[in-house]
Amino acid sequence: MQKRQFIKDILLTGMALPLGFNGIAKAFANQSHLAPEALAADNAFWEQIRNQYLLKPDYINLENGYYNFLPQPLLNKYIEHIKEINYQGSYYMRTVQWENKQKSVIELAAIAGCSPEELIITRNTTESLDTIIGGIHWQTGDEAIMAEQDYGAMLDMFKLVSDRYGVVNKFVSVPNHPKDDDEIVALYKNAITAKTKVILVSHMINITGQILPIKKISEMAHQHGVQVIVDGAHAFAHIQYSIADLGCDYYAASLHKWLSVPLGAGILFVKKDLIKNIWPLIGDGEKDPNKIKRLNHTGTHPVHTDLTIPDSIAYYQMIGPAKKEARLRWLQQYWTSQVKDNPSIILNTPTDAARACAISNVGIKGMKPAVLAERLMKEHKIFTVAIDYANVHGCRITPNLYTTTKELDQFVQALHSLAKA
Ligand SMILES: Cc1ncc(COP(=O)(O)O)c(C=O)c1O
């Protein structure tokens, strides 16, 4: 074995040992010579990841977009942290609570590609983005651009600032099958006026899984003096990117989605020189206007969730970000490629590999999405979620790393038979 490879394998195995997943870590280490795309198609290999999950036998779960429940080694870690916090009580809270949280921030910043001084751990994407949307120093008549396909809670928050400060909200509609990046960039560009202050844009649209060209949108917006807020709820630890490279001003994500952190953790990135311009949602004792800590006050919260973040990161690193992304995309393409030519089946997600990963959306001509979701569950024991607004009428389909091709075959068969009926 090459010396460098040997060291890499040892590191991977070593990282996993304290979590009790050394077996699976070894399996990944043994495959480390394979390119992510080659490993993506090795179903027998991924079966080992499936074995790490306790799965309900009642249905096939193709709704992993809401949150990614934990594989058993991470669940065990989480339970250990709960026990430890309950054992230490206030002593923990008054001693190393903040030091530990900061260690997690440093690890998260390394994955996100930003400085730890620009990142905080919040409870979720909603808290992160609403801190920014509500905290901007709005003037009456300022304009904000967003998409019909953005997440409802953010649109509700913009409605609130519109009612409160007289902000004018302008909507674009993102096509499900864009020709190219330029079409998307032009969509946002054409909505900009001299009064535009910010653009809210989803990194991965939650109802279709479409990935938007954030870097190009940020470059265009900055040329017009407009700031960019990115909703990355679904992108973090799903696809690979660096916030520095995206060039946006604010970025938020939920860690209980693709990083498999227990429920109740998110991140907020704010560009260093913009921190001072945001009103905090909740007041904090931090007096330095340039310290991001002043945006981070929530009061007492479940610190055992925060403590599990480094474990979830170790698990993610053990799999490898590139391998995870490649397998998730492979699974999506495995089933979409088998239905895309059926004229009664409508894919609401781009088929171009670079424009989607695990998540996609499918509808059946003449069938309401709610009916499709109900029939999939009742007749085929397949759990999905119906989406029926804007230009998206179908069920969101989200496999996870534990999903098998056998499950997807059942889903494909179900779709074809429902489309015939
Ligand atoms: C695009 C998008 N933004 C924000 C959220 C909100 O995430 P959370 O409930 O974790 O705040 C979601 C949740 O699904 C989402 O899909």
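Note that ligands are numbered from 1 as they come in the structure, with each ligand's atoms numbered from 1 the same way.
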Does ligand 1 have any N/O pairs with the protein under 3.5 Å, and how far apart?
{"from": "ligand 1", "atom 1": "3 (N)", "to": "Asp231", "atom 2": "OD1", "distance (Å)": "3.1"}
{"from": "ligand 1", "atom 1": "3 (N)", "to": "Asp231", "atom 2": "OD2", "distance (Å)": "2.6"}
{"from": "ligand 1", "atom 1": "10 (O)", "to": "Ser254", "atom 2": "OG", "distance (Å)": "2.7"}
{"from": "ligand 1", "atom 1": "10 (O)", "to": "His256", "atom 2": "NE2", "distance (Å)": "2.8"}
{"from": "ligand 1", "atom 1": "11 (O)", "to": "Asn124", "atom 2": "OD1", "distance (Å)": "3.4"}
{"from": "ligand 1", "atom 1": "11 (O)", "to": "Thr125", "atom 2": "N", "distance (Å)": "3.3"}
{"from": "ligand 1", "atom 1": "11 (O)", "to": "Thr126", "atom 2": "N", "distance (Å)": "2.9"}
{"from": "ligand 1", "atom 1": "11 (O)", "to": "Thr126", "atom 2": "OG1", "distance (Å)": "2.5"}
{"from": "ligand 1", "atom 1": "14 (O)", "to": "Lys257", "atom 2": "NZ", "distance (Å)": "2.7"}
{"from": "ligand 1", "atom 1": "16 (O)", "to": "His234", "atom 2": "NE2", "distance (Å)": "3.1"}

Salt-bridge test for Asp284 and Arg294: reply yes if a basic N is under 4.0 Å from a carboxylate O, no otherwise.
no
Polar side chain donor-acceptor pair, Asp409 to Tyr334, under 3.5 angstrom
yes
Could you pull out all residues at least two apart from Glu286 that satisfy salt bridge (charged side-chain N to carboxylate O under 4.0 Å, His left out)?
none
Which of Trp330, Phe28, Tyr53 passes ring-ring contact (aromatic ring centres under 6.0 Å, His included) with Trp46? Answer is Phe28
Applying salt bridge (charged side-chain N to carboxylate O under 4.0 Å, His left out), name anything that partners Lys83, two or more places apart in sequence or on another chain.
none
Holding to side-chain hydrogen bond (donor to acceptor under 3.5 Å, both in side chains), I want the full list of residues that pass it with Tyr241, two or more places apart in sequence or in another chain.
Tyr251
